[in-house]
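Right, one structure below, let's go through it.
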Amino acid sequence: MPCGSCRDPGEDLASPLDRQNWSSPVRFTAEHHVGRLLLPPFPLSPEQQSMLFLEGLFGPGIFRNTLVSLPLRPEMTRARVQSAITRLQQRQEALRSSLVGRAPYLQRTEAVDPRLRTVIARPGESAGELLAARKADRLVSAQVREIPGRAEYELIEDSAGRERFLLVTLDHLVCDGHAERVLTAELTALLEGALGQGGSESAELPVSYRELCERRVEAAARAERETRYWSRSLDRLEPVSGLIPRPGGTDAGPTDGLSLGQVQKLYRGPALHALVGAVCRAQGATAFSVLAALTAAAIWHRGGPRTLALFTPVSTRQRSGFDVAAGCFVHDRPVVCHIDPDQALSDSFKSVMGQNLAALRFSALSVADLACAVPPLGAALLSDGIDYVQLHVGMAAGADPVAATRSADPTGPVPAPDERRPRDLGPFRPALDLSVTTLRFEFTPEETTVRAFCGGAPGGMAVAEGLADDVLALLGVVLRKPEGTVAALVESSLPR
């Protein structure tokens, strides 16, 4: 919906107060109209409900902001950047949304002018260095969701104004991975002047943000089959517990001494991408199903249960209209992995693949509603002492696995990482006695990135990193034992 009360897109909103040197304290607040017209509220989507439920369960900081950064050429003046972000925010209603009060039940969209802040580097500091520092800060900055406006915009400049970037901080509540790609493409086109030519510069999306959220709520109301399916699939589910160490021997509170951390490892070259592609072709399975089955086997090897759930984000953007809109239309679903030590590897991979496809089909209900309707899932999420394990797997779109395989030996040993970057992400404050572990594998022909994330007690980060290493170790042996069993693979790959 066009924002009728927005300023002239060509007007420069800068004032002396907007241009702040990086050496001065910087406070960023959303700007909105006094006496604004408030549109009727509407419900959060089930996916947004899922996010806020998990955020309340796992604690603040568990969902980080989404960042988009774009280099600016000299002709992209401040006025041109302001025009681009104004038009973007007019078109994408989700960026103008807010919660109705502090209770996470309703939201509304409002007419909000985007505020463009300028942050200037110190003398001798490059704009790129300042951008890296600002991204580290904005990634974990807190969101005040009752204030309208889910995006913040910063113009990053060196002291001479020669090198410049636009940095956009997006609230995860309205920006999933698909939305990040949509907004990046639209903003790039707006800066280039390529979007909306021919008089349609403020064209509305084919479906409003409100309507998309209401469609998802209606779908959840018709989800009886989903409850029946998950009740059957999770009947034998056992919560993962004992994977991540707990603080002991003290009288401290349940969250005292807990922290969030991440270790990122970079593997340059095509070797791991070629390996995954070769395993998938040989086993007739997807990359996700292979990595999920191996992750479950690695957890089992560490004393985990034989029937466990790995959680993974599932997109619900299958219908028309969702593909061009910003919003959060993704939520976690369990992928059930059953470890049969005598099962052939190919059967294990295909079993998990079927579970993953089912997770895509049955994904209308919010995580909270599903946990209430399916007691084994509720126990796996809400019991004291549980370890929540999430898995992300990405393969580069459009990559040619055959060409990559020719340039690397997929049967060779898993290479050592070229880089290892640990990072402290602050305190971990869950509502219950639980831990969160996320493994993220991104395979491309140029490089592979593996990120292990853990929220828990000291020592938990080492376990999460070791679990990711175990998965790669298992992956490296699959092609050499293609007809083997799960137990044989584990015994030949991992230390006792």
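Only this structure's heavy atoms are used, side chains among them; waters, hydrogens and symmetry mates stay out.
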Should Arg138 and Leu67 count as side-chain neighbours, where that means a heavy-atom distance under 4.5 Å?
yes

Taking every non-hydrogen atom, the tightest pair across Leu260 and Gly61:
CD1-O, 4.1 Å

Got a sec, which residues hit salt bridge (Lys or Arg N to Asp or Glu O under 4.0 Å) with Glu47, two or more places apart in sequence or on another chain?
Arg216

Any idea which heavy atoms bring Ala219 and Ala364 closest together, and the distance?
O-CB, 3.9 Å

How about CZ on Arg225, more than 12 heavy atoms from neighbouring residues, nucleotides or ligands closer than 6.0 Å, or not?
no

Determine whether the side chains of Ser315 and Asp176 contain a donor N or O and an acceptor N or O closer than 3.5 Å.
no

If you define the side chain from C-beta out and look only at heavy atoms, does anything of Val374 sit under 4.5 Å from Ser231?
yes

Side chain to side chain contact (heavy atoms under 4.5 Å, CB included) between Leu370 and Arg333: does it pass, once the steps are laid out?
CA-CA 10 Å; Leu370 198 61; Arg333 276 296 180 266; 3.8 Å; yes

Under 30°, 30 to 60°, or over 60°: which ring-plane class applies to Phe311 and Tyr388, parallel, tilted or perpendicular?
parallel

Has the side chain of Glu125 got a donor or acceptor atom that lies under 3.5 Å from a matching backbone atom of Arg122?
yes

Correct closest heavy-atom pair for His331 and Leu365 would be CE1-O, 2.9 Å

Give, for atom CD of Gln48 and atom OG of Ser97, the distance between the pair rounded to the nearest 0.5 Å.
7.0 Å

Which is it for Val389 and Leu308 under the side chain to side chain contact (heavy atoms under 4.5 Å, CB included) test, yes or no, and what are the steps along the way?
CA-CA 10 Å; Val389 183; Leu308 60 93; over 6 Å; no

Pairs under 3.5 angstrom only: tabulate donor-acceptor contacts from the side chains of residues 340-353 to other protein residues two or more places apart or in another chain.
unit_1: Asp340; atom_1: OD1; unit_2: Asp342; atom_2: N; d: 3.1

Evaluate the side chain to side chain contact (heavy atoms under 4.5 Å, CB included) criterion for residues Arg420 and Val263: first the C-alpha distance (whole Å), next the side-chain angles of each, then the deciding distance (0.1 Å), finally the verdict.
CA-CA 7 Å; Arg420 179 184 180 274; Val263 171; 3.8 Å; yes

Could you tell me the separation between the CG atom of Leu212 and the CZ atom of Phe329, rounded to the nearest 0.5 Å?
4.5 Å

About how many Å separate OG of Ser492 and CG of Leu474, when rounded to the nearest 0.5 Å?
8.0 Å

salt_bridge(Glu442, Arg451) N-O dist < 4.0 Å:
no

Evaluation steps, side chain to side chain contact (heavy atoms under 4.5 Å, CB included), between Leu57 and Leu434:
CA-CA 9 Å; Leu57 184 61; Leu434 55 83; 3.9 Å; yes

Quick one: do Arg246 and Asp387 make a salt bridge, cutoff under 4.0 Å?
yes

Would you give the length of the straight line joining atom CG of Asp171 to atom CZ of Arg150, rounded to the nearest 0.5 angstrom?
5.0 Å

Hey, does Glu446 have a side-chain heavy atom less than 4.5 Å from the side chain of His273?
no

For Gln92 and Ala326 the tightest heavy-atom approach is OE1-N, 2.8 Å

Mark yes or no for whether Ser50, through its side chain, and Val367, through its backbone, hold a donor-acceptor pair below 3.5 Å.
yes

Least distance between heavy atoms, Val276 atom then Met395 atom:
CG1-SD, 3.9 Å

Straight-line distance of Leu472 CG to Leu467 CG, nearest 0.5 Å
10.0 Å

Kindly indicate whether the side chain of Leu54, heavy atoms from C-beta on, has any atom under 4.5 Å from the side chain of Phe63.
yes

In Å, rounded to the nearest 0.5 Å, how long is the span from CG of Leu183 to NE2 of His178?
9.5 Å

Could you tell me which non-hydrogen atom of Val414 sits nearest to which non-hydrogen atom of Gly476, and how far apart they are?
CG2-CA, 3.7 Å

Less than 4.0 angstrom from a charged side-chain N to a carboxylate O is my criterion; do Lys265 and Glu465 meet it?
yes

Contacts of Glu180 that satisfy side-chain hydrogen bond (donor to acceptor under 3.5 Å, both in side chains) - sequence neighbours left out
none

Using a 4.5 Å cut-off on heavy atoms from C-beta on, say whether the side chain of Glu447 contacts that of Glu419.
no

